Protein chains: 2
Amino acid sequence: MTKTSRNSLRDQIEGEIIGGQYLPGQRLDELSLAERFGVSRTPVREALMQLASMGLVEIRPRRGAIVAQIGTERLIQMFEVMAEYESMAGRLAARRHTDADRALISERHAACADAVERNDSARYYEENEAFHFAIYAASHNEFLREQATALHRRLKPYRRLRQRFRNRMHISFAEHQQIVDAIFAMDGEKASEVLRNHIIIQGEQFSDFIASLQMDVQARQAGSGPA
Amino acid sequence: MTKTSRNSLRDQIEGEIIGGQYLPGQRLDELSLAERFGVSRTPVREALMQLASMGLVEIRPRRGAIVAQIGTERLIQMFEVMAEYESMAGRLAARRHTDADRALISERHAACADAVERNDSARYYEENEAFHFAIYAASHNEFLREQATALHRRLKPYRRLRQRFRNRMHISFAEHQQIVDAIFAMDGEKASEVLRNHIIIQGEQFSDFIASLQMDVQARQAGSGPA
DNA sequence: AAAACCAATCCTGCATACAAGAACGGCGAT
DNA sequence: ATCGCCGTTCTTGTATGCAGGATTGGTTTT
């Protein structure tokens with residue numbers, strides 16, 4: 001398993017996009033990246049190409065690569081699909097979870113509880129992620145897990161701006177409790193339903209700030225390169 | 001929208017993989033492909049890289065690219081997710097379909113009926129695909145449509161071997177009728193349920209011949225390069 | 001003064017060149 | 001005779017070179 005340069009670059013750049021170092025709409029110059037990482041343009045191009053296939057960057061022929069900008073409508077659609085992934089994972093997890101899965105979910109759920117008690121919304125954000133990943137794993141469908149985590153990552157640059165909604169933490173945790181109960185009771189339909197709503201509600205709340213987000217993006221576009 | 005060489009190549013090679021010209025496990029030599037398409041290795045590499053991100057080919061560092069081989073377990077998982085896509089599309093289509101969507105679905109359904117009457121299973125295979133695509137479109141979730149069609153294509157090399165199960169055509173069509181009825185009655189839950197079973201049943205039938213399929217793959221592996 | 005046109009520059013896309021790791025075959029040793 | 005070792009060859013991975021389109025700035029024209 002030799003790590004090729006392009007894959008390292010892909011992971012690096014992906015991390016920076018997800019981490020918010022590069023913002024949607026921002027230009028990704030091949031030469032700058034190549035110089036910054038101390039390689040030639042070739043592996044950079046190949047990394048960007050992969051990221052384009054993943055949907056994280058957009059390559060416009062002869063016009064360079066930019067961090068993918070996701071429009072309002074599409075973002076809502078992606079959340080709809082995300083909700084379905086979660087819902088499916090919950091249904092499968094309820095039926096298939098092992099003792100180890102149960103232990104891990106309990107652990108993550110407890111960590112969320114701890115974050116709520118400390119009113120640490122940043123930490124809740126992280127633990128929430130881990131909680132959901134534990135459910136993906138408990139679904140025992142590796143392909144689903146991959147798809148769900150991929151979409152999760154893809155949405156992350158947009159999700160992170162959501163930390164403004166701090167008061168949602170308590171509601172979210174209450175929903176987590178329902179999710180855990182349903183899964184542990186092996187009630188797949190219940191888990192499915194609660195999880196779908198859990199995400200859909202997030203999506204609807206999203207509608208609220210999506211407008212402002214779009215304003216951000218447009219402002220950034222105007223600054224670094226109009227459409 | 002200038003079509004760059006790498007994207008043409010990607011589509012071309014993708015088509016050949018989906019079409020079964022290249023079989024799972026088969027080697028994809030950069031130089032051969034480059035010569036065959038009359039270009040240099042660079043765009044070929046970039047095309048292969050994209051196909052790798054899509055999961056159609058597997059690139060092992062320093063060891064070349066092969067058509068992705070999907071194991072039994074993973075194939076079943078992919079069908080599970082496929083069933084969920086269909087189920088979701090059906091639920092959304094029931095709620096959101098327009099008159100145009102309804103007309104298109106009717107049209108495709110009629111085409112399937114025609115294929116059944118003529119007992120033309122090859123044509124039914126094609127029309128069935130179009131029928132399902134019409135439902136994706138009627139979901140009015142473009143992202144879902146993309147995900148569903150992408151997975152559909154990815155499964156196609158394996159699906160095509162299924163034409164052996166010709167007697168399923170009548171059962172399939174009966175299920176289609178239920179799907180159409182549910183969607184037109186705007187009964188999202190019913191459409192969702194019927195569609196999930198429609199695909200899941202296919203998946204279960206798959207289990208039957210997956211063993212033989214795996215044997216094929218292994219035989220091919222032994223012939224063109226062991227693991 | 002604003003808009004359009006033109007030229008120079010920059011960047012992308014493809015081709016080619018070079019280096020290094022992996023597969024393959026032959027040879028030798030046990 | 002079979003197994004293992006070593007050198008050759010082939011293929012991949014990265015760097016560089018070159019051509020063409022896009023962008024930008026200045027100039028001209030209305």
Side-chain angles (χ1 to χ4, degrees), chain A residues 1-14 17 22 25-69 218 220-227, chain B residues 1-14 17 22 25-69 218 220-227:
Chain A
M1 274 299 208
T2 316
K3 59 171 184 177
T4 60
S5 176
R6 64 163 180 273
N7 287 333
S8 308
L9 283 172
R10 169 172 53 75
D11 295 343
Q12 183 76 20
I13 298 172
E14 180 185 359
I17 292 174
Y22 286 106
Q26 191 166 342
R27 192 103 192 288
L28 292 168
D29 181 45
E30 292 178 2
L31 196 57
S32 317
L33 287 167
E35 284 173 1
R36 186 152 75 80
F37 290 108
V39 295
S40 83
R41 281 174 48 220
T42 308
V44 171
R45 281 177 62 76
E46 296 185 343
L48 289 177
M49 208 99 27
Q50 289 187 71
L51 293 171
S53 288
M54 292 187 217
L56 268 167
V57 316
E58 185 183 338
I59 296 180
R60 302 159 304 174
R62 286 262 174 214
R63 299 184 61 201
I66 58 174
V67 178
Q69 337 184 38
Q218 279 161 17
R220 200 175 310 115
Q221 266 184 284
S224 87
Chain B
M1 270 303 200
T2 315
K3 57 171 185 178
T4 60
S5 177
R6 64 163 177 273
N7 287 333
S8 307
L9 283 172
R10 169 172 53 74
D11 295 343
Q12 183 74 22
I13 298 171
E14 180 185 359
I17 293 173
Y22 286 107
Q26 190 166 343
R27 193 105 191 287
L28 292 169
D29 181 45
E30 292 179 2
L31 197 56
S32 317
L33 288 168
E35 283 173 2
R36 185 152 75 82
F37 290 108
V39 294
S40 86
R41 280 174 49 222
T42 308
V44 171
R45 282 177 63 76
E46 296 182 344
L48 289 177
M49 209 104 22
Q50 289 187 70
L51 292 171
S53 289
M54 293 186 217
L56 269 166
V57 316
E58 186 183 337
I59 296 180
R60 303 159 305 174
R62 287 269 175 207
R63 299 185 61 204
I66 58 173
V67 178
Q69 338 186 35
Q218 279 161 16
R220 201 174 309 116
Q221 266 184 283
S224 85

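Just so we're clear, the structure is a prediction, and the values are computed from it rather than from any experiment. Chain letters run A, B, ... following the sequence lines, proteins first and then strands; every chain starts at 1.
- Closest non-hydrogen pair, B/Ser53 versus A/Ser53, comes out as CB-CB, 3.3 Å.
- Residue B/Glu30 comes nearest to B/Val44 through the heavy atom pair O-CG1, 3.9 Å, listed as atom of the first residue, atom of the second, then distance.
- Within the 4.0 Å cut-off from OP1 or OP2 of C/dC14, not a single side-chain nitrogen or oxygen of B/Thr42 is found.
- Across A/Arg27 and A/Gly64, no two heavy atoms sit closer than the pair NH2-CA, 3.9 Å.
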- Item | A/Arg6 and B/Ile59: CA distance, side-chain angles, deciding distance, side chain to side chain contact (heavy atoms under 4.5 Å, CB included) verdict | CA-CA 12 Å; A/Arg6 64 163 180 273; B/Ile59 296 180; 3.4 Å; yes

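- As a whole-Å value, the separation of B/Leu48 CG from D/dT11 P is 15 Å.
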Practice item. Could you walk me through whether A/Thr42 and B/Arg45 pass the side chain to side chain contact (heavy atoms under 4.5 Å, CB included) test, one step at a time? Key: CA-CA 11 Å; A/Thr42 308; B/Arg45 282 177 63 76; 5.8 Å; no

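- Taking atom CD on B/Glu35 and atom P on C/dA15, their separation rounds to 13 Å, with Å as the unit.
- Look at CD1 on B/Ile66: it is 17 Å from P on D/dT11, rounded to the nearest Å.
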Exercise for review: Would you check, one step at a time, whether the test side chain to side chain contact (heavy atoms under 4.5 Å, CB included) holds for B/Glu46 with B/Leu9?
Suggested key: CA-CA 9 Å; B/Glu46 296 182 344; B/Leu9 283 172; over 6 Å; no

Collect all protein-nucleotide pairs involving nucleotides 8-12 of chain C in which both atoms are nitrogen or oxygen and the distance is under 3.5 Å.
unit_1 : atom_1 : unit_2  : atom_2 : d
C/dT12 : OP1    : A/Asp29 : OD1    : 3.4
C/dT12 : O2     : A/Arg62 : NH1    : 2.7

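- In the region residues 49-58 of chain B, proximity to DNA chain C at under 4.0 angstrom, judged on heavy atoms, holds for none of the residues.
- For A/Glu58 against A/Gln69, the heavy-atom pair with the smallest separation is OE1-N, 4.3 Å.
- Here the rule is side-chain contact (heavy atoms from CB on, under 4.5 Å) with B/Leu28, and of B/Ile66, B/Leu51, B/Leu33 only B/Leu33 fits it.
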